[in-house]
Amino acid sequence: MITIIFGPPGSGKGTQAAIISERFNLPHISTGQMLRDEVAADSELGREVAPIMKTGGLISDETMVRVIENRLGQPDAIPGVLLDGFPRTVPQASELDEMLERTGREIGVVLFFDVPEAELSKRIAHRAEVDHRADDTPEAFLHRMREYEAKTAPVVGYYEGRGTRLEYVNGNAPIEAVTESILTIFGPQQKVNQRAQGEVA
Ligand code: AP5
Ligand code: MG
């Protein structure tokens, strides 16, 4: 099953995807992290995207669809994945639907993390002090927010129109509480499985 983790910059997508990925043994596919790895490796793709990422702009749909299609084609992605940071535009969402249809897969749920901008800005400012991500400057954060509002937020309407399961998660809560909300959305059986796995481990 494909789970999409969706929300504005700093809403906790990466944090929650890492927790859920470990608990359910699902690959965590973060397009932002994949691109940062390319930048660190100084690959051709990395050199192409670095200046755009640094200012908080979005990479072209064409490039991102190529990146994700390649990743979803790998064997570990076949049973299911957590998608963090993709799709980020309506064209990406519709390309993803076509891609999944071609390979007989579907989106199980889109988790939409809701967090007010003032809290996002605080989180990013805090991370800037410890992590030194190139796009955690106040200017790049503002640009990421405006890109999110203009190009990414409309993806919610796209999924509503398609009848894809969309669940709102209050992301403005402690990390453990957000995880608990996600587990509740996944359903009681998943919670039981996850507890059983925890007991074995
Ligand atoms: P990406 O890496 O996806 O960045 P983003 O969407 O801006 O989001 P962040 O990673 O900053 O935040 P997050 O929601 O993961 O939150 P996190 O868990 O880290 O994309 C980066 C760039 O890559 C884009 O700008 C674009 O250039 C490019 N890109 C990527 N995908 C693309 C695509 N599909 N199309 C086009 N371009 C693309 O949490 C943030 C901070 O808050 C952390 O310090 C964390 O510890 C803390 N925190 C988390 N949860 C909580 C909580 N509940 N309470 C308090 N603090 C919390
Ligand atoms: Mg992230």
Side-chain angles (χ1 to χ4, degrees), residues 2-22 28-40 45-72 81-96 99 110-155 158 169-182:
I2 313 275
T3 299
I4 294 179
I5 306 198
F6 185 92
S11 57
K13 301 184 295 295
T15 301
Q16 295 299 329
I19 296 170
I20 300 292
S21 150
E22 201 183 312
H28 169 192
I29 301 182
S30 157
T31 43
Q33 192 53 50
M34 288 169 80
L35 296 175
R36 282 187 287 280
D37 291 345
E38 295 288 337
V39 172
L45 174 61
R47 285 194 296 273
E48 177 195 321
V49 300
I52 305 168
M53 289 178 80
K54 195 172 176 192
T55 62
L58 289 183
I59 309 308
S60 76
D61 290 336
E62 196 193 350
T63 299
M64 293 316 301
V65 167
R66 190 160 38 86
V67 164
I68 209 74
E69 187 155 27
N70 187 27
R71 182 64 187 89
L72 287 178
V81 297
L82 295 169
L83 277 185
D84 157 10
F86 188 96
R88 232 175 173 102
T89 63
V90 170
Q92 288 180 18
S94 107
E95 288 274 0
L96 177 64
M99 213 184 283
V110 179
L111 302 174
F112 176 27
F113 289 6
D114 209 8
V115 180
E117 184 167 342
E119 169 68 14
L120 298 172
S121 155
K122 259 198 277 176
R123 289 185 189 178
I124 297 294
H126 179 256
R127 190 173 61 188
E129 287 171 19
V130 282
D131 262 7
H132 309 296
R133 225 173 87 170
D135 59 352
D136 277 346
T137 61
E139 299 76 26
F141 168 69
L142 269 186
H143 191 197
R144 279 152 71 198
M145 276 307 299
R146 301 292 86 86
E147 288 279 75
Y148 172 81
E149 284 160 358
K151 298 174 189 165
T152 308
V155 172
Y158 170 84
V169 174
N170 175 18
N172 193 18
I175 291 173
E176 305 72 41
V178 180
T179 305
E180 199 54 33
S181 307
I182 297 170

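Heavy atoms only: backbone and side chains are in, while hydrogens, waters and symmetry mates are out. All residue numbers in this chain count up from 1 along the given sequence. As the structure lists them, so they are numbered: ligands from 1, and atoms in each ligand from 1.
When the side chain to side chain contact (heavy atoms under 4.5 Å, CB included) test is applied to Asp61, the partners found at least two apart in sequence or on another chain are Thr89, Pro91, Gln92.
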- [ ] Would you check, one step at a time, whether the test side chain to side chain contact (heavy atoms under 4.5 Å, CB included) holds for Arg127 with Lys122?
- [x] CA-CA 9 Å; Arg127 190 173 61 188; Lys122 259 198 277 176; over 6 Å; no
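Here the straight-line distance linking atom CE of Met99 with atom OG of Ser94 works out to 9.5 Å at 0.5 Å rounding. Summarising the geometry, atom CG belonging to Leu58 is positioned 9.5 Å from atom CD1 belonging to Ile52; distances are rounded to the nearest 0.5 Å.
Between Phe6 and Phe112, the ring-plane angle classifies as perpendicular under the 30° and 60° cut-offs.
Contacts of ligand 1 (protein heavy-atom distance under 4.0 Å) are Pro8, Pro9, Gly10, Ser11, Gly12, Lys13, Gly14, Thr15, Thr31, Gly32, Leu35, Arg36, Met53, Gly57, Leu58, Ile59, Met64, Gly85, Phe86, Arg88, Gln92, Arg123, Ile124, Arg127, Arg133, Asp135, Arg144, Gly171, Ala173, Pro174, Ile175.
A donor and an acceptor atom, one from each side chain of Thr152 and Glu147, are nowhere located under 3.5 Å apart.
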